[in-house]
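These notes are about the structure you will find just below.
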Protein chains: 2
Amino acid sequence: MQKEYNLSKNQKIIFDLIDKSGGPMKAYSILFNVQKKGIKAPLQVYRALDKLVEIGKIHKIESRNAFIACQNSSCQISKATAFSICENCENVSEISNSKLSKYLSNFSDNSGMKYSKYNLEFFGLCKKCKSK
Amino acid sequence: MQKEYNLSKNQKIIFDLIDKSGGPMKAYSILFNVQKKGIKAPLQVYRALDKLVEIGKIHKIESRNAFIACQNSSCQISKATAFSICENCENVSEISNSKLSKYLSNFSDNSGMKYSKYNLEFFGLCKKCKSK
DNA sequence: AACGTTATGTAATAATATAACATTTATAAG
DNA sequence: CTTATAAATGTTATATTATTACATAACGTT
C-alpha cells in the first residue's frame with residue numbers, strides 16, 4: 001500500500017484532485033481547480049506535481065503535458081511506465097502488464113547503456129472511438 | 001530510400017540543421033540558428049517541424065521537447081520510435097532493434113484497443129557518464 | 001489558365017514551466 | 001526542548017514552448 005498520510009497539504013490537495021478526476025489533468029487546469037483552496041501560483045502546482053511524480057503517486061504523460069494518478073495499487077513502477085492513449089477522445093490509461101514491464105526493464109542493446117527507467121506511450125483508437 | 005528533394009524550402013533548411021547537429025534540437029534554438037536564412041518566426045519553425053515529423057524525417061523527443069533527425073536510413077518506423085536518453089549529458093540516440101519493434105508493434109492487451117503507434121523513451125547513463 | 005492544395009509571412013497571444021528570493025513548517029539529533 | 005537541517009510554502013517575475021488568425025504566394029494537376 002501507498003502511504004498517503006505523509007503528503008504535504010498542497011501535495012494532498014493536488015493529488016486528490018487528479019485522482020478523483022480519473023484521467024489526465026494539465027497543470028493550469030489543476031491550478032484553476034485548486035485556487036479556491038488557496039493555491040494561487042503555477043509554481044505551487046508544479047512543485048507538488050514534481051514531488052508526486054518523484055514518489056510515484058502520479059505520472060506525467062509526456063506527449064500530452066498532462067498528469068495522471070498512478071493506477072497500480074502497488075505503485076512500485078514509477079520508473080517503468082506504459083500508457084495507452086486514444087488519439088480521438090484523449091482517454092488515457094496505464095498499462096499494467098507484467099510481461100511487458102519485464103521485457104522492457106530487462107531490455108539492453110549494444111550501446112553499453114544500462115537503462116534505469118523507461119516511459120512508453122501507445123497510441124490508437126479506443127473501443128468506443130473505433131466503433132464510430 | 002527517403003525522398004529529400006520534395007521538401008519545401010523551409011523544411012529543407014530546418015531538416016538540414018537538425019540533421020547536421022547530430023543530436024536533438026529545440027524549436028527556439030532552431031529558430032535562432034535559421035534566422036540568418038530568413039526564417040523569422042516560431043510558427044515557421046513549428047510548421048516545418050510538424051511536417052517533418054509527419055513524414056518521418058525527424059522525431060520528437062517528448063520528454064525533452066526536442067527534435068532529432070531520424071537515424072534509420074530506411075525510416076519506415078516513424079510510428080514506432082524508441083530512444084535512449086542519457087540523463088546526465090542529454091545525449092539521445094534512436095534505438096533500432098527489430099526484436100523490440102516487433103514486440104511492441106504486435107503488443108496488445110485486453111483493453112480492446114488496437115495500437116497504431118508508439119513511442120518509447122529509455123533513460124539512464126551513457127557509457128561516458130557512467131564511468132565518471 | 002483555373003483550381004485546389006500546400007507552403008509561406010507576419011503579428012499577436014496562449015499554454016507550459018522555471019528562476020529567484022523570503023518565509024514557514026516538519027523532522028531529526030543532541 | 002531546542003537547535004539544526006531539510007522540506008514545503010508563498011509570491012513576483014520571467015522564460016520557454018506552442019498555437020490562432022489572417023493574408024499571400026508557390027506548386028501540382030487537369
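This structure is a prediction, so every number in the text was calculated from the model and none was measured. A, B, ... follow the sequence lines: proteins, then strands. Residue 1 opens every chain.
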Can you give each donor-acceptor pair under 3.5 Å made by side-chain atoms of residues 22-34 of chain A, sequence neighbours left out, with the distance rounded to 0.1 Å?
unit_1	atom_1	unit_2	atom_2	d
A:K26	NZ	A:R64	O	3.3
A:N33	ND2	A:S29	O	2.7

Nucleic acid contacts - residues 29-50 of chain A versus DNA chain C, non-hydrogen atoms under 4.0 Å: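 Close to the strand are A:L43, A:Y46.
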
Looking at residues 83-93 of chain A, who's got a heavy atom less than 4.0 Å off DNA chain C?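 When residues 83-93 of chain A is checked for heavy atoms under 4.0 Å from DNA chain C, there are no hits whatsoever.
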
Interatomic distance, [X] [atom1] vs [N] [atom2] [rounded to whole Å]:
X: A:N6; N: D:dA8; atom1: CG; atom2: C1'; result: 13 Å
X: A:E54; N: D:dA7; atom1: CD; atom2: C1'; result: 11 Å
X: A:K51; N: D:dT9; atom1: NZ; atom2: P; result: 10 Å

On DNA chain C, which is the earliest and which the latest nucleotide, 5' to 3', with an atom closer than 4.0 Å to a heavy atom of chain A?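 The footprint of chain A covers C:dT16 to C:dA20.
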
Check whether the side chain of B:Y28 and the base of D:dA15 form a donor-acceptor pair under 3.5 Å.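 No, no donor-acceptor pair under 3.5 Å.
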
Phosphate-side-chain proximity, A:N10 and D:dG10, N/O vs OP1/OP2 below 4.0 Å: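 Checking D:dG10 against A:N10, a side-chain N or O does come within under 4.0 Å of OP1 or OP2.
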
Phosphate OP1/OP2 of D:dT17 contacted by A:K26 side-chain N/O (<4.0 Å):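 No, no such contact exists.
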
Check for a donor-acceptor pair, side chain of A:D19 on one end and backbone N or O of A:F15 on the other, with a separation under 3.5 Å.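 No, A:D19 side chain to A:F15 backbone: no donor-acceptor pair under 3.5 Å.
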
So, the side chain of A:S101 versus the backbone of A:S98: is there a donor-acceptor pair under 3.5 Å, distance only?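 Yes, because the side chain of A:S101 sits within donor-acceptor range (under 3.5 Å) of the backbone of A:S98.
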
The helix from C:dA1-D:dT30 to C:dG30-D:dC1: angle between its terminal axes, five pairs each, to 10°?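 For the helix from C:dA1-D:dT30 to C:dG30-D:dC1, the axes at either end differ by 50°.
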
By ring pair (Phe, Tyr, Trp, His ring centres under 6.0 Å), which residues pair with B:F107, not counting sequence neighbours?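 Partners of B:F107 under the ring pair (Phe, Tyr, Trp, His ring centres under 6.0 Å) test: A:F122.
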
Using 0.5 Å steps for rounding, measure from the OG atom of A:S96 to the CG atom of A:N72.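 Reported value, rounded in 0.5 Å steps: 4.5 Å.
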
Roughly how far apart are B:S105 OG and B:Y118 OH, rounded to 0.5 Å?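 If we round to the nearest 0.5 Å, B:S105:OG and B:Y118:OH are 4.5 Å apart.
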
Run the side-chain donor-acceptor check on residues 49-56 of chain B: report pairs under 3.5 Å with partners two or more places apart or on a different chain.
none

In the hydrophobic clustering that connects Ile, Leu, Val, Met, Phe, Trp and Tyr at side-chain heavy-atom distances below 4.5 Å, which members other than B:L125 occupy its cluster, ordered by chain and number?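 Answer for B:L125: none, a lone residue.
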
Is there a donor in the side chain of B:S8 and an acceptor in the side chain of B:N10, or the other way round, less than 3.5 Å apart?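 Not at all, the side chains of B:S8 and B:N10 share no donor-acceptor pair under 3.5 Å.
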
Taking only residues two or more places apart in sequence or in another chain, which ones pass side-chain hydrogen bond (donor to acceptor under 3.5 Å, both in side chains) with B:S116?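 In terms of side-chain hydrogen bond (donor to acceptor under 3.5 Å, both in side chains), with neighbours along the sequence ignored, B:S116 is linked to no residue.
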
Mind checking salt bridge (charged side-chain N to carboxylate O under 4.0 Å, His left out) for B:K37 and listing every partner two or more places apart, or none if nothing turns up?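 Here no residue qualifies.
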
Residue pairs involving residues 121-131 of chain A (criterion salt bridge (Lys or Arg N to Asp or Glu O under 4.0 Å); sequence neighbours excluded):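 The answer is none; no pair qualifies.
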
Only pairs at least two apart or in different chains count here, so list each ring pair (Phe, Tyr, Trp, His ring centres under 6.0 Å) that has a residue in residues 78-104 of chain B.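 For residues 78-104 of chain B, and leaving out neighbouring residues, the ring pair (Phe, Tyr, Trp, His ring centres under 6.0 Å) pairs sorted by first residue read A:Y103-B:Y103, B:H59-B:F83.
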
